[in-house]
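Below, read A as the first sequence line, B as the second, and so on, with proteins coming before strands; counting in each chain starts at 1.
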Number of protein chains: 2
Amino acid sequence: MKPTLQAVADAVGVSRSTVSNAYSRPDQLSAALRERILDAARQLGYPGPNPTARSLRRGFVGSIGVLFTSQLSYAFTDPFAVRFLAGVGAATERHGTSMLLVPLPPAQTDARRAVENAAVDGFCVYCVADEEWALDVIRQRGLPFVSTAPRDDAGPDERFVGIDERAAAHSVAAHVAGLGHRRVALLADSVLLDAPAGPLTLSGVDQVPHPTTHGRLAGFADAFAEVGVDWAELTLLNAPGNSRQAAAAAVAGLFDRPAPPTAVLAGSDVLALGVLDALAERPAGDRPPVSVTGFDDVPEAAAAGLTTVRQPAEEKGRIAAELLLDPPADPAAGHVLLPTALVVRASTGPAPRS
Amino acid sequence: MKPTLQAVADAVGVSRSTVSNAYSRPDQLSAALRERILDAARQLGYPGPNPTARSLRRGFVGSIGVLFTSQLSYAFTDPFAVRFLAGVGAATERHGTSMLLVPLPPAQTDARRAVENAAVDGFCVYCVADEEWALDVIRQRGLPFVSTAPRDDAGPDERFVGIDERAAAHSVAAHVAGLGHRRVALLADSVLLDAPAGPLTLSGVDQVPHPTTHGRLAGFADAFAEVGVDWAELTLLNAPGNSRQAAAAAVAGLFDRPAPPTAVLAGSDVLALGVLDALAERPAGDRPPVSVTGFDDVPEAAAAGLTTVRQPAEEKGRIAAELLLDPPADPAAGHVLLPTALVVRASTGPAPRS
DNA sequence: GCTAATCTCTGTATCGATACAGACTGGATC
DNA sequence: GATCCAGTCTGTATCGATACAGAGATTAGC
C-alpha cells in the first residue's frame, strides 16, 4: 500500500494540512519545514497527493473531454479530425490541462453512461453525427462545452466554433456551376441515418438531420438553383461513413448510367478522394472526365490536386479548447465563425460539351 | 448547485447506499424501487454519480494515460504516432476505458508534476526521447505501464511492446549496402539531446542515449560493417525533431560536399520524406541520384515510393493498451516483439559507379 | 510595554460517493 | 414450529485529500 498524506504527516510530526501545503501552497509554510516534509515523503515513497482525492476536494479535475460522436478509432483515420485534435492539444498544452478522449460504446445507454462518467471539467464536442443526446447529458451534468456544429437551440451560454457551412459550400458549388456543369451529384456522409451507400431521394434538403451535412448540401443546392438547376435535378448520394471506401461504394455504377453526372461535389475531402479512387480504378480508356470537389482541404487534398474549400482545422480545435478553458467575458465572443477559402486545383474543369 | 446522491435519497426516503446501488448494482434492489429512484433523480436533475467521488472510493479511474515524451501537439503531426494512437483508441474502445493525453510542459519539474497528477490507472508510454524520469514517476506512483522502447532495466513486471529495432534497421541497411552504396549518411532524430541540425561526430554508436535511435543506428552500422565500411566512415546527421523540416535542415549542403553520400538512411519515414523534399527543391538538372530509406512505412511513404521498414503501427498501440488493460498472467507474455518487413520501393537504386 | 501585524501551523469540516456487515421480511424446508 | 435462506434495504466507516477559521509565536511600531 502506498503511503498517504497522513503517513507523511505522522512521520514528520506535523498536521496533514501542512503536508498538503508543502505540495500545493509552498508559501504557507517555512522553506525549512517544507524541505523536511518533502524529504520524508521521498523516503517513505509517497507519490504526491492523490489526483483523484485532490480533484474531489478541489472541485475540478484539470482535464477536458473531447467527444467524437462516432467511433473513437474513426477519429484517428480522418485527417481533418486529427488536425482538429492537434489544435485542441496545442491549447491544452499551453493551459496545463490534459485531454480525455472518451470512446462511445455503440449502445445509446452505454454511450450516455460514458459521457456521464467522464471525469472532466468540460467538453469539446466534435460533431460527427447526431449528438443532441450527448449535449443533453453534458448540460445535465452542468458542465461547459463547445460544439463545432451550429445549433438552433443553443443557449446563450453555449459556445461554438465553426464556419458558415452553407456559404462555404456555395462557393465551391458556384465554381463548378460556373464551369458549366449542370448534371451534378452531391455526395455526403450519413445524409440520412443508416441509409445504404448510393443514390437517395429526398424531397428537399431540409430532410437532412445532421446540421453540418445539411448546411453543406444546402449551400451546394443554392448555387445550382441560381443557375436554374433545382433540387430534384441533382443526384443525391449517400456514403455510410466518412471514408474513401464508403465514397467509392456510393458512386459505384454512377458513371455507367445514361447521362451520368459531369461533376461530383463531396461533403468532405475524404469522400472526394474516394470518388477519385473509384475513377482511377476504371480502365484508362474508360474514365469519364468528371469534376470532383471536396471540403476541408486536408493535406492529402493538395497532393491529389483536389479542388476544395479550405477551413482552418487546427485553429478550429485550438479555438474550441480555448473557448472552453478561458471562457470569454462577453458571451457574444463565444460564437466564433472561421474564414473559409475556395481552393481551385486540377480536379475541376469545364463541363464537357454535350 | 447540482444535487448529490444524498439529495435523491432524501427525496425518495431511502438511504444513500440504496440510491448508489440503483446506479451501480441494480441487482441489489427491487426493480420498482430502482425506477422510483431514477425517476426522482431525473426530476431533481441529478446527473448521476459524481465520477471523481466514485473513482476515489472505488480506487480506480477508468482511464489510461498516453504519454508522449515530447510536445503533445507533435504527436498529431507524426503519422506513425497517430496510427499508434488509433490502435490505443481501438483497444480502449473495446474495453470501455477512456484515454487521457497528458501534455508535458517543457520544464522538468512541471513535467514531473503533470505525470504525478494525471488521474489514470496506468500509462502507455510512447517513447520519443529520454523518458526514464517519467517511468520513475510512474513506478513511484505504483501504476502499471507499457513502454514502446526496449530498456535494460525493465523490472520483471514491466510490460513492453516493440520491434527488434536493430535487426529491422539492419535489413534495410543491408539492402542499401547490397546495392553497392559505400558512402552513406545516417540521419536520425535527436541523436544527442539538443544537438543542432546537421553532421555530428561520435566515436561510436553507443554514445547515443535514446534506445530506439541507438538500436536503429546500430543496425545500420552493423550492415555496413559487414561490407567493410566502419562507423567512422559513415556520415552521421542529426535532425533536431522528427519532422520533414528538421530533416531538410540536416541535409542542407550535404550533397554539395566533395564525395557526397550516395545514400541516406533515415531513422523514420518522416525524416526520409524531408530528405526527398530537400532533393526535390534542387533545380531539376542538379539532383544527385541519392538513394533514400525510411523507417515505419507510414501511409505517405507508399505515395512517395519510399523504401522503408514496415512496422505495424496500430497493432503496436493496440497491444500496448491491451497489455495494460488485461495484463497477461504469464509475465513473459508481457514482452511483445512485433514483426517487421523490408519494403523496397523506388527511392533506392544501385550506387552510381564512381 | 502594549497593540497590531505577520508568519506558521493545527483542527475540523467537507468534497460525493461505495463497501461491507448486518437488520429485517417473508416464504420455503423439514 | 423452528430453521434457513434469499431478497431488500440501512448505517457506518472509509477513500485521500483541501479549505478555512483560528491558535500561538514572533516581530514591528510607537
Side-chain angles (χ1 to χ4, degrees), chain A residues 1-38 40-41 44-62 113 116-121 140-143, chain B residues 1-38 40-41 44-62 113 116-121 140-143:
Chain A
M1 217 30 219
K2 283 281 157 193
T4 66
L5 250 198
Q6 181 72 67
V8 179
D10 293 346
V12 183
V14 296
S15 79
R16 215 163 54 236
S17 312
T18 302
V19 179
S20 172
N21 284 335
Y23 282 93
S24 309
R25 301 156 68 172
D27 57 312
Q28 294 296 303
L29 72 173
S30 65
L33 178 57
R34 185 172 127 93
E35 267 319 306
R36 270 212 299 144
I37 291 176
L38 296 183
L44 291 172
Y46 174 65
N50 177 306
T52 306
R54 160 181 292 206
S55 298
L56 175 59
R57 185 63 249 243
R58 296 227 242 204
F60 66 89
V61 179
R113 199 52 68 92
E116 283 165 357
N117 287 344
V120 296
D121 300 321
Q140 171 86 9
R141 284 186 60 181
L143 290 178
Chain B
M1 217 26 223
K2 282 281 158 193
T4 67
L5 251 197
Q6 182 71 68
V8 179
D10 293 347
V12 183
V14 295
S15 80
R16 214 161 57 234
S17 313
T18 301
V19 179
S20 172
N21 285 335
Y23 283 92
S24 310
R25 301 157 68 172
D27 57 313
Q28 294 294 304
L29 71 174
S30 65
L33 178 56
R34 184 172 128 92
E35 267 318 308
R36 270 212 297 145
I37 291 176
L38 296 183
L44 290 173
Y46 174 65
N50 177 306
T52 306
R54 161 182 294 212
S55 299
L56 175 59
R57 185 62 247 241
R58 296 229 244 206
F60 67 89
V61 180
R113 200 50 72 92
E116 284 166 354
N117 287 344
V120 297
D121 299 321
Q140 171 86 7
R141 284 187 59 181
L143 291 179

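The nearest whole Å value for the distance from the CZ atom in A/Arg34 to the P atom in C/dC7 is 18 Å. We find that CD of B/Gln6 is positioned 12 Å from C1' of D/dT10, with the value rounded to whole Å. For A/Arg36 and C/dC9, the CZ to C1' distance is 12 Å, given to the nearest whole Å. What separates CG of A/Leu5 from C1' of C/dC9 is a distance of 15 Å, to the nearest Å. Nucleotide C/dG16 holds its C1' atom 18 Å from the CZ atom of A/Arg54, rounded to whole Å. One can place CD1 of B/Ile37 at 8 Å from P of D/dT10, the figure rounded to the nearest angstrom. In this structure, B/Asp27 atom CG and D/dA6 atom P are separated by 14 Å, rounded to whole Å. Put simply, CZ on A/Phe60 is 11 Å from P on D/dT18, counting in whole angstrom units.
Between A/Ala31 and A/Arg16, the residue anchored nearer the 5' end of DNA chain C, judged by the nucleotide with its closest heavy atom, is A/Ala31. Both B/Ser17 and B/Ala53 lie near DNA chain C, and the one whose nearest nucleotide falls closer to the 5' end is B/Ala53. Residue whose closest nucleotide on DNA chain D sits further toward the 5' end, between B/Leu56 and B/Leu29: B/Leu29.
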Notebook entry, point to check: Going through the distances and angles, do A/Thr18 and A/Ser15 end up as a side chain to side chain donor-acceptor pair (under 3.5 Å)?
Noted result: CA-CA 5 Å; A/Thr18 302; A/Ser15 79; 3.2 Å; yes
Check: So A/Arg54 and A/Ser24, side chain to side chain donor-acceptor pair (under 3.5 Å) or not? Walk me through it.
Finding: CA-CA 10 Å; A/Arg54 160 181 292 206; A/Ser24 309; 3.1 Å; yes
Item checked: Audit row: B/Val61, A/Thr52, side chain to side chain contact (heavy atoms under 4.5 Å, CB included) steps and yes/no -> CA-CA 8 Å; B/Val61 180; A/Thr52 306; 4.0 Å; yes
Item checked: Intermediate values then yes/no, side chain to side chain contact (heavy atoms under 4.5 Å, CB included), B/Arg34 and B/Ile37 -> CA-CA 5 Å; B/Arg34 184 172 128 92; B/Ile37 291 176; 5.7 Å; no
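Counting any heavy atom pair closer than 4.0 Å across all strands shown, A/Ser24 reaches sugar-phosphate atoms only and no base atom. Backbone-only engagement by B/Thr4 is indicated by non-hydrogen atom pairs under 4.0 Å involving sugar-phosphate atoms exclusively. Backbone-only contact: B/Tyr46 has heavy atoms under 4.0 Å from sugar-phosphate atoms and none from a base. Nucleic acid contact class of A/Ser30 (heavy atoms, under 4.0 Å, all strands): sugar-phosphate only.
Residue side chain B/Arg57 reaches the base of D/dT14 through a donor-acceptor N/O pair under 3.5 Å, judged by distance alone.
Residue B/Ser20 places no side-chain N or O under 4.0 Å from the OP1 or OP2 atom of C/dA17. Taking side-chain N and O atoms only, A/Thr18 has a distance below 4.0 Å to OP1 or OP2 of C/dT10.
Distances were taken from every side-chain heavy atom of B/Pro49 (C-beta onward) to each of D/dA17, C/dA17, D/dA19; the shortest belongs to C/dA17. Nearest nucleotide to the A/Asn50 side chain, out of D/dT10, D/dG16, C/dT18: D/dG16.
The shortest side-chain heavy-atom distance between B/Leu5 and B/Val19 falls under the 4.5 Å cut-off.
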